[in-house]
Amino acid sequence: MSSNDDAPLGTLCGYVAIVGRPNVGKSTLLNHLLGQKISITSRKPQTTRNAVVGIKTEGDVQIIFVDTPGLHLNETRAINRYMNRAASTAMKDVDVVVFLVDRFIWNDEDEAVAAQLSRVQCPIILAVNKVDKVEDKETLLPHLQKLAEKLKVDEVIPVSALRNINLERLESLLVERLPEGIHLYPEDQITDRSSRFMAAEIVREKITRQLGDELPYQMAVEIEEFKQEGALLTISALILVERDGQKRILIGEKGERIKQIGQQARLDMEKLFESKIMLNLWVKVKSGWSDDERALRSLGYNDI
Ligand code: GDP
Ligand code: MG
């Protein structure tokens, strides 16, 4: 009798965490590696509150990406504690870490991420992002070498997440480091996030885009209704803010702003869910929620 236990599986499957301080381009990188929009990006830091899992299956290889919220220094609010916890959790139990930095910029927040990574056992690939914005490319090489020595990483690679520079090379560095294993998700699945979660993320993104600097930092989106009836998907979302003033800003003159947010969100949802969408948005003031662990949990910020 022969046993097949030692026979190679022939398939690779593993977890990759993309880590880095806010705004270095983690969500952009994830989206471009996946070739599809999963994570929400914006110019303002702290847009990503939840680790979003994106899945890429190509032939024998399945990569499961974990997009981490940024680490937040010197912050005591419950929401920041949660975000820090989520970020450190995501770095454990992965097979490869991509540490993303923004060109030559290195600050306390990068330092904090590096400190977290010093405890990580798996291989780390340092990706220096936004090289499309580096005019003097000559200075890159010595910079990359210096970082590599300082951080004891496996590989250093310059990339542009936004302009798709060197992303294939980055991906092959990841694949080389994945363990053998059976695929954990079906080939066509691109996220394990629920449709409700995705719907909330879309609303949040549109609010961020609309408000820019006026964005109330304490804002959450809760999906109250998600109902498919025939060809129509009805989604009702509750937007929670902390103060009356924030509610007024969000609604805008004669409701103009919330209407815009709703229209833009609906278009994205129609593409994502491949259905006609009826979207209802409500704005509610719920003071103190961002500083209350229990309220956060009830809003779903506990799922890692
Ligand atoms: P995250 O907070 O780390 O997830 O960062 P995001 O992915 O949200 O990106 C923050 C900002 O940097 C966005 O405005 C992106 O368009 C921009 N960005 C990301 N990658 C690149 C890049 O390779 N080149 C340039 N020029 N901008 C980038
Ligand atoms: Mg992000």
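Start at 1 and go down the list; that is how both ligands and their atoms are numbered. Values below: every heavy atom of this structure, side chains too, minus hydrogens, waters and symmetry copies.
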Under a 4.0 Å heavy-atom limit, does [X] contact ligand 1 with its side chain, its backbone, both, or neither?
X      : result
Pro22  : backbone
Lys26  : both
Asn129 : side chain

In the structure I gave you, are the side-chain heavy atoms of Leu34 and Leu30 within less than 4.5 Å of one another anywhere?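 In short, these two side chains touch, coming nearer than 4.5 Å.
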
Does some side-chain heavy atom of Thr57 sit less than 4.5 Å from a side-chain heavy atom of His183?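 Yes, close enough: below the 4.5 Å cut-off.
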
Can you find an N/O atom of Val131 closer than 3.5 Å to an N/O atom of ligand 1?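 No, Val131 has no N/O under 3.5 Å of an N/O on ligand 1.
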
N/O to N/O below 3.5 Å, does that happen between Lys133 and ligand 1?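 Looking only at distances, the answer is no, because the N/O contact criterion of under 3.5 Å is not met.
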
Within ligand 1, which atoms have a heavy atom of Ser160 less than 4.0 Å away?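 Under 4.0 Å from Ser160, ligand 1 has these atoms: 22 (C), 23 (O), 24 (N).
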
Any chance you could measure Ile258, atom CD1, to Ile239, atom CD1, to the nearest 0.5 Å?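 Going from the CD1 atom of Ile258 to the CD1 atom of Ile239 covers 4.0 Å.
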
Pairs in or reaching into residues 249-260: which pass salt bridge (charged side-chain N to carboxylate O under 4.0 Å, His left out), with residues at least two apart or in two chains?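 Sorted result for residues 249-260: Glu214-Arg257.
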
Should one rank Val159, Val24, Leu167, Asn23 by closest heavy-atom distance to atom 2 (O) of ligand 1, which comes out on top?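 That would be Asn23.
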
Do the two ring centres, one from Phe197 and one from Phe226, sit under 6.0 Å apart?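 No: the rings miss the under 6.0 Å criterion.
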
Lys146: what forms a side-chain contact (heavy atoms from CB on, under 4.5 Å) with it, not counting sequence neighbours?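 Counting only residues at least two positions away or on another chain, Lys146 forms no side-chain contact (heavy atoms from CB on, under 4.5 Å).
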
